Amino acid sequence: MDSSNSWLLSRLGSRLLTAGGGALAGWWLGRQFQHPAAFAFAGSASAALVFSAMDTLKGHMLLDWLRTPEADPPKVAGLWGEVAHRVKRVQILKDRQIEQEQARLAQFLSAIDASPNGVMMLDEGEQITWISSNAALHFGLDPKRDLMQRVTNLVRQPAFVRYLAAGEYGEAVKCAKAGGNGGHLLIQVQRYGDGNQKVVISQDITERERADTMRRDFVANVSHEIRTPLTVLSGFIETMGALPLTEVERKRVIELMSQQAERMQTLVADLLILAQIEGSPMPPPDRWVRADRLMQRIESDARGLSRERHPMQFTLDEQGQHGEIAGVESEWLSAMGNLVSNAIRYTPEGGHIHVRWVNLPDGGGEFSVKDGGIGIAQEHIPRLTERFYRVDGSRSRETGGTGLGLSIVKHVVQRHGGELRISSEPGKGSTFTLTVPAARVRLSA
């Protein structure tokens, strides 16, 4: 027999016992007044009425509790107490299920919010029902304040508004990023649920577009830099093949061809160095190079390049005499050598050049090159480390520059955790300073 039938039989038995007990009491009392049957009937009816009243009172107590289920259930005996207990148990199970579902939903939304892409959910009226932090950043919205607002009232990019209204979401649309900083978003809308709800996925493509632009500019610049000497070489070769040249003219043509070939070799060498630096792992922090040895090699190369056309001074402070730098020696030589060779190329004959290394009080180090050259206008300084950027392109080519030197310097210094600083004033020369962090500088024994 199942539990529901046992409850029914128990309840019927309780009623019969109550009615029987009331009838027996009434029959006993009725004997005293010579009306046992009438008193027995009245006693049975009274007992049944009292039982029903008490039962109704328990039912009302249970009903009051059900209206405010967050309170404790009433402490009643019998069937209503069993009902209250079972309702409370079902309520606890449902609350646990709701908590688990809410936890899963919160975890799911947290995972979406951690995505680098922005996610925004819209209802059938295109009102915002949920928005991730990245989507709020992309569209310039507030994740809490702007909930249940119509998205087109807040995001007024014409391309996005037309795309959302068209209802054709097979392809993504490109829009400007909020903030007016020149960034761009790639936006894709998908329907979900019954087809009336929409999810808007936004991706910030600013860096990708910037990288594509840099790649196109780089290819165009390399092509231009190589095409010029190739054109010169082709012209000279054609001249030598078509015209009878004297020995002096032939030597001059060969000399010019050699210069152009050397220029291309230098360009290719700088490109290979830059590619190697960008593609190699971080330099080791436990490979040490003596600062004085670096300075000696840089001084030797610099004096050979200058050919005594510039007064040059190379100094090391007292601690620098015993200083060591961690990293790749060839990269440090390339970076420091580029700064010195630039100073020689852009300093007129007789202009003074000062190269020095000092150990800083915080434990770091500083390599600086100060020249007496033509100087650089302030508007050019932020772009000097861009590949192929030249303040004066014709002068740079005349002096043998490829436009990659400072880009190499910047990459080397950043790879070693340092910083490149440039200060200059037209007509008063320039100072290029490499700072090396304390973690990569030490004093040798």
Side-chain angles (χ1 to χ4, degrees), residues 270 273-274 276-303 312-344 346-347 352-373 375-376 378 380-387 389 404-425 428-445:
D270 281 353
I273 291 173
L274 197 54
Q276 182 181 10
I277 291 173
E278 290 181 331
S280 58
M282 291 294 292
D286 56 351
R287 188 185 301 172
W288 297 93
V289 184
R290 287 182 62 93
D292 57 352
R293 190 171 75 177
L294 285 174
M295 289 289 283
Q296 288 171 4
R297 294 186 58 179
I298 292 168
E299 182 177 0
S300 176
D301 293 342
R303 294 194 183 281
M312 305 181 72
Q313 180 183 2
F314 290 80
T315 59
L316 283 151
D317 65 357
E318 185 176 347
Q319 287 186 326
Q321 295 287 344
H322 304 285
E324 292 184 325
I325 310 172
V328 181
E329 182 176 2
S330 61
E331 293 186 13
W332 282 122
L333 282 171
S334 177
M336 296 175 178
N338 261 305
L339 294 183
V340 176
S341 63
N342 280 348
I344 294 171
Y346 295 105
T347 299
H352 186 267
I353 297 173
H354 185 197
V355 182
R356 69 170 188 157
W357 168 267
V358 296
N359 283 69
L360 301 175
D362 64 358
E366 187 176 273
F367 175 84
S368 64
V369 180
K370 183 177 181 180
D371 63 50
I376 306 166
Q378 289 297 314
H380 295 293
I381 291 178
R383 301 191 59 191
L384 285 179
T385 57
E386 294 180 13
R387 299 175 186 183
Y389 184 81
L404 295 172
L406 288 179
S407 182
I408 292 173
V409 173
K410 181 189 73 173
H411 280 82
V412 168
V413 176
Q414 288 180 345
R415 273 169 46 79
H416 288 80
E419 180 186 4
L420 170 64
R421 298 198 310 271
I422 305 171
S423 61
S424 185
E425 189 176 343
K428 296 185 179 181
S430 307
T431 301
F432 292 79
T433 304
L434 304 183
T435 57
V436 186
R440 290 187 174 270
V441 177
R442 74 178 184 184
L443 295 178
S444 57

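Everything quoted here is computed from the prediction, not taken from an experiment.
- Looking only at side-chain heavy atoms (C-beta outward), E324 and V441 stay at 4.5 Å or farther from each other.
- Side-chain contact between W357 and N359: present, with at least one pair of heavy atoms (C-beta onward) separated by less than 4.5 Å.
- Taking 4.5 Å as the limit, every side-chain heavy atom of L434 sits out of range of all side-chain heavy atoms of E419.
- For the residue pair V340 and A302, the shortest heavy atom distance occurs at CG1-CB, 3.4 Å.
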Exercise. Is there a side-chain contact (heavy atoms from CB on, under 4.5 Å) between I376 and L384 once you walk through the steps?
Worked result: CA-CA 10 Å; I376 306 166; L384 285 179; 3.7 Å; yes
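- No donor-acceptor pair closer than 3.5 Å links the side chain of E329 to the backbone N or O of R287.
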For this session: Just do the side-chain contact (heavy atoms from CB on, under 4.5 Å) check on L333 and R297 with the steps written out, would you?
Result: CA-CA 8 Å; L333 282 171; R297 294 186 58 179; 3.2 Å; yes
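- Residues V412 and R415 form no side-chain contact, since every pair of their non-hydrogen atoms from C-beta on lies 4.5 Å or further apart.
- Here E299 contributes atom CD and Q313 contributes atom CD; the two are 10.0 Å apart, rounded to the nearest 0.5 Å.
- Counting heavy atoms from C-beta on, the side chains of H416 and E331 come closer than 4.5 Å.
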Problem set entry | Evaluation steps, side-chain contact (heavy atoms from CB on, under 4.5 Å), between F432 and K370 | CA-CA 7 Å; F432 292 79; K370 183 177 181 180; over 6 Å; no
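- From R303, atom CZ reaches atom CD1 of I344 across 9.5 Å, with rounding to the nearest 0.5 Å.
- Between the side chain of S341 and the backbone N or O of N338 there is at least one donor-acceptor pair closer than 3.5 Å.
- Minimum interatomic distance between T315 and M295 (heavy atoms only, all atoms of both residues): O-CE, 3.6 Å.
- With hydrogens and angles ignored, the 3.5 Å screen pairs no side-chain donor or acceptor of S334 with any backbone N or O of S330.
- Using a 4.5 Å heavy-atom cutoff, the side chains of R356 and F314 are not in contact.
- Here the side chains of V358 and F367 are not in contact, with every heavy-atom distance at 4.5 Å or above.
- When side chains are defined from C-beta on, T385 does not count as touching V409, because their heavy atoms never get closer than 4.5 Å.
- With hydrogens and angles disregarded, a donor-acceptor distance shorter than 3.5 Å links the side chain of D371 to the backbone of S430.
- Contact check on E366 versus R421 returns a salt bridge, with a Lys/Arg side-chain nitrogen under 4.0 Å from an Asp/Glu carboxylate oxygen.
- To the nearest 0.5 angstrom, N342 atom CG is 10.5 Å from I353 atom CD1.
- Using modelled atom types, one side-chain atom of W332 and one backbone atom of A326 make a donor-acceptor pair closer than 3.5 Å.
- Interatomic distance, Q296 CD to L316 CG, rounded to the nearest 0.5 Å: 8.5 Å.
- Side-chain contact annotation: T433 with S368, donor-acceptor N/O pair under 3.5 Å absent.
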For this session: For the pair T431 and S424, evaluate side-chain contact (heavy atoms from CB on, under 4.5 Å) and give the outcome as yes or no after the intermediate values.
Result: CA-CA 6 Å; T431 301; S424 185; over 6 Å; no
